[in-house]
Amino acid sequence: MKSNLKESEVTKTIIKGFMNDFLEYTTSDVIVVGGGPCGTTAAMLLAREGVKTLIIEKDVKPGGGMWQGGMLFPKMVVEEPANLFLESFGIKLKQEGNVYVADSYYVSSKLLSLAFEHGAKMFNSVRVQDVIYRDDGIKGVVINWDQVAHLTANCVDPLALESKVVIDATGHNAHVAKVVSEKIGLKDGFVGREGSMWIEKAELATIKNTKEIYPNLIVAGMAANGVAGLPRMGPIFGGMFLSGIKAARLALQKINGGVFKKNNINEEVKKVIC
Ligand code: 48F
């Protein structure tokens, strides 16, 4: 080990590295709010297409609900065709009857590392509090450190980051959609809570309700069910991954009118998300 390690050098390296990232990501193509299974999937696919993609995650660690499977049992269950998507990215699953299962920490860490390897950037411990808007749509998000937002939100002004598209993947609370509903208004309304559990119906509803709810604002994952007041699915994650794929496709359409060019999205998956 070198003997001339200086504390100031370590500090400078951290500050410089983050400030460079912060300056670079004052504008992005897509901001994904929430790094759960849905947001991470969307960010991974967009970054893989060369889209400048930033995840904003309020927790220190990304992953949302995908680390813990169900009731703290670390097993993640998915149904067809979500298994094909995960398997196409080298994530191994075991078939058990009609569903597929893997250790939830294995799937979570694989998916997150894929997102960052493909070039997605993340600001963690940062909370989206509000959006930037103009008459023709959402233009980015308003952020603060999560710790600051909790303690002193009223007296510490936030900062803002611009993007062409915002994906609300904040999970059960649908936070971005809620703010837009309250401050700007959503044409199709905002229920703001999911219904009771009905796995099959909820899984399909998540995908169907992954959509642009305000110009440049796409809602995805559990947030889509929250916005529309649809059932919850509990501890099954296929709908989250498929919704993330659909959100990425919708965002791509807005950015370059395009489809996935790095195309290993399985035909069965395409049928479900189109
Ligand atoms: O809750 P979360 O995992 O949402 P998801 O991707 O998946 C839902 C499933 O985990 C599970 C389920 C069955 O499949 O119902 O619950 O739709 O991840 C949402 C992420 O968003 C972050 C939050 O910390 C979590 O990691 N988040 C929530 N609000 C904000 C936020 C916010 N205002 N700003 C930044 N991050």
Side-chain angles (χ1 to χ4, degrees), residues 31-44 54-79 82 99 104-105 107-108 111-112 115 122-131 140-150 153 158-161 166-180 182 192-207 209-210 217-228 230-248:
I31 290 178
V32 178
V33 189
C38 175
T40 305
T41 300
M44 188 266 279
L54 175 67
I55 300 173
I56 311 262
E57 170 53 57
K58 72 176 170 55
D59 280 357
V60 175
K61 60 156 186 57
M66 73 175 155
W67 290 104
Q68 55 222 347
M71 225 184 117
L72 298 183
F73 294 124
K75 293 288 173 190
M76 177 179 287
V77 171
V78 302
E79 71 279 46
V99 295
S104 53
Y105 47 81
V107 180
S108 307
L111 194 70
L112 285 161
M122 176 175 68
F123 294 165
N124 61 335
S125 302
V126 173
R127 176 182 286 264
V128 169
Q129 295 184 303
D130 203 342
V131 295
V141 296
V142 174
I143 56 163
N144 217 326
W145 297 113
D146 185 51
Q147 291 80 352
V148 173
H150 274 307
L159 291 174
L161 305 175
V166 173
I167 297 177
D168 181 351
T170 58
H172 296 251
N173 294 331
H175 182 78
V176 184
K178 182 168 188 271
V179 167
V180 174
E182 285 171 358
R193 63 178 188 287
E194 80 248 349
S196 291
M197 194 183 290
W198 182 348
I199 287 182
E200 193 171 342
K201 187 171 177 183
E203 286 288 87
L204 291 170
T206 302
I207 302 162
N209 286 278
T210 297
L217 173 62
I218 294 163
V219 69
M222 204 56 219
N225 293 40
V227 167
L230 295 157
R232 68 188 305 174
M233 72 291 298
I236 185 162
F237 286 80
M240 296 302 126
F241 299 121
L242 296 168
S243 168
I245 303 169
K246 183 173 176 186

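Indexing begins at 1, ligand by ligand and atom by atom, following the structure's order. Along the sequence shown, residues are numbered consecutively beginning with 1.
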List the closest protein heavy-atom neighbour of [atom]: residue, atom name, distance to the nearest 0.1 Å.
atom	result
atom 1 (O) of ligand 1	Gly171 CA, 3.8 Å
atom 9 (C) of ligand 1	Phe237 CE2, 3.7 Å
atom 35 (C) of ligand 1	Lys58 N, 3.4 Å

Proximity flag [X] to ligand 1, non-hydrogen atoms under 4.0 Å:
X	answer
Asn225	no
Thr206	no
Pro235	no

- Backbone or side chain, does any N or O of Cys38 fall under 3.5 Å from an N or O of ligand 1? yes
Part of [X] within contact of ligand 1 (heavy atoms, under 4.0 Å):
X	answer
Met233	side chain
Val176	neither
Asp146	neither

- Message: Between Leu161 and Ile143, is there a side-chain heavy-atom distance shorter than 4.5 Å?
- Response: yes
- Thr41 and Met240, any side-chain heavy atoms less than 4.5 Å apart: no
Of all the atoms in ligand 1, which lie at a distance below 4.0 Å from a heavy atom belonging to [X]?
X	value
Val33	34 (N), 35 (C)
Met222	8 (C), 15 (O), 17 (O)
Gly221	17 (O)
Gly36	3 (O), 6 (O), 18 (O), 20 (C)
Ala169	19 (C), 20 (C), 21 (O)

- For atom 5 (P) of ligand 1, which candidate among Met240, Arg127, His172, Met76 holds the nearest heavy atom? Met240
- Query: Taking the minimum heavy-atom distance to atom 32 (C) of ligand 1, which of Val128, Asn144, Ile56 ranks first?
  - Reply: Val128
- More than 12 heavy atoms from other groups under 6.0 Å of NZ on Lys61: yes
- Can Ser125 and Asp146 be counted as having a side-chain donor-acceptor contact under 3.5 angstrom? no
- Atom CE in Met122, atom CD1 in Ile56: separation rounded to 0.5 Å? 10.0 Å
